[in-house]
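Every number for a ligand or one of its atoms is a count from 1 in the order of the listing.
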Amino acid sequence: MGYVAEMDDALLGRLTTTYRDLHRHPELSSAEHRTAGIVAAWLGELGYEVTTGIGVTGVVGVLRHGEGPTVLLRADMDGLPVTEATGLAYASTVDGVMHACGHDVHVTCLLGAASELAADRAGWSGTLVVAFQPAEETARGAQAMVDDGLFARVPRPDVVLGQHVAPLPAGTLALRSGPAFAATDSFKITLHGAGGHGSRPEATVDPVVLAAATVLRLQTLVSREVAGGDTAVLTVGAINAGTKANIIPDRAELLLNIRSYDPTVRAHLLDAVARVVRAESDASRSPRPPEIEAIEAAPAVVNDAAGVLRTRAALEGVVGPGRLVDPGPVTGSEDVGVLAAAAGAPLVFWLLGGADPAAFRGATTVDEITRAMAAIPSNHSPSYAPVEDPTLRIGVAALTAAAREWLAAASMGGGAELP
Ligand SMILES: [Zn+2]
Ligand SMILES: [Zn+2]
């Protein structure tokens with residue numbers, strides 16, 4: 001297509017080998033020890049100052065080259081508890097674990113960008129920070145790195161940049177200003193009843209009926225309490241109670257997830273869930289108040305408007321005109337915003353197309369493209385298999401170009417101080 005940045009064959013070969021190796025050996029959240037070792041060795045070889053073990057398995061490389069801004073590039077490293085069904089020659093060799101979200105693509109692309117930017121040091125001035133984050137899938141890794149003193153241990157960035165591979169055609173990128181990925185909040189809710197014989201309900205408080213009423217009432221929150229112009233998703237993904245047809249159990253458990261974009265909508269829904277759960281428990285004569293335990297949370301990914309404007313041309317230069325699209329708000333979630341918020345820096349986070357372009361052949365309208373997207377396995381599917389080429393090349397080029405946009409141009413004679 002002519003726009004894909006040139007890449008040294010030796011580097012591309014090494015990246016492809018590393019990608020397949022990472023894909024074969026996925027590791028679950030906060031257990032990315034092997035991956036972290038590969039990353040640390042690669043960065044050390046390039047001359048980065050390497051810090052390992054930030055937030056358990058996080059690895060950060062720092063490359064200082066003269067005066068100028070500090071730019072942080074971020075990749076996440078964890079796999080998922082999914083049994084791979086892609087049939088790829090380099091499919092996972094780890095039972096029940098798979099790189100089903102493409103974080104192996106992210107690690108590989110960031111290693112590539114770290115290599116390109118180190119090789120081209122003479123062309124820029126500033127400080128480059130490459131952060132390899134654990135545990136994105138549990139929405140804990142970014143916070144774990146921050147809590148472990150990330151920005152006391154490495155320079156605080158002026159901008160946070162990153163990408164996520166998506167089932168868009170390989171050869172495209174997608175970037176959106178403002179809310180781009182949803183906030184996520186998951187809860188475990190325990191509802192209390194009073195157990196007894198199924199034949200004598202009058203002597204019990206039935207938590208099964210309480211749970212059913214609670215689920216239905218919760219499903220009115222988005223439709224009745226969120227304005228038409230705003231949006232949110234509320235899903236009760238699990239409901240567990242009881243053991244036998246003629247026993248009324250003494251408790252029921254719900255697992256619930258909320259996605260939202262606007263902080264006001266998010267706060268309202270979190271309050272409303274607690275209100276409904278308590279009120280339904282009261283209405284059912286529950287003997288004890290319900291327990292509502294937050295088990296997972298990440299804020300929305302909100303792309304900085306000025307930052308997007310500044311980065312857009314660099315990304316378009318990688319894929320060519322018309323190949324950088326606005327994906328609309330994505331209901332998926334990401335904890336990269338935690339890093340940007342902790343740094344007090346703007347965030348620019350884009351989508352990297354990874355799907356076989358053949359699946360989109362002939363699709364030109366938004367409807368046709370959406371239908372083509374729905375027909376191919378997406379992130380978290382056991383069949384999710386991004387194509388390696390040009391995904392890896394474009395992922396490397398996008399990170400490199402975006403970083404170059406934010407780093408200072410080399411000052412006169414800047415190259416002279418090369419080690
Ligand atoms: Zn994921
Ligand atoms: Zn992911």
Trainee: Taking NZ, NE, NH1 and NH2 as the nitrogens, is one of them in Arg34 or Glu27 under 4.0 Å from a carboxylate oxygen of the other?
Mentor: no
Trainee: Who pairs with His99 by ring-ring contact (aromatic ring centres under 6.0 Å, His included), at least two apart in sequence or on another chain?
Mentor: none
Trainee: Restricting to pairs with a member in residues 222-240, which pass salt bridge (charged side-chain N to carboxylate O under 4.0 Å, His left out), not counting sequence neighbours?
Mentor: Glu225-Arg275
Trainee: Ignoring water, what protein N, O or S atoms are under 2.8 Å from the Zn ion (ligand 2)?
Mentor: Cys101 SG, His103 NE2, His164 NE2
Trainee: Counting N and O atoms only, with roles assigned by atom type, does the side chain of His103 sit under 3.5 Å from a partner on the main chain of Asp78, one being a donor and the other an acceptor?
Mentor: yes
Trainee: Is the shortest side-chain N to carboxylate O distance from Glu334 to Arg74 below 4.0 Å?
Mentor: yes
Trainee: Suppose the criterion is salt bridge (charged side-chain N to carboxylate O under 4.0 Å, His left out): which pairs have a residue in residues 83-106, not counting sequence neighbours?
Mentor: none
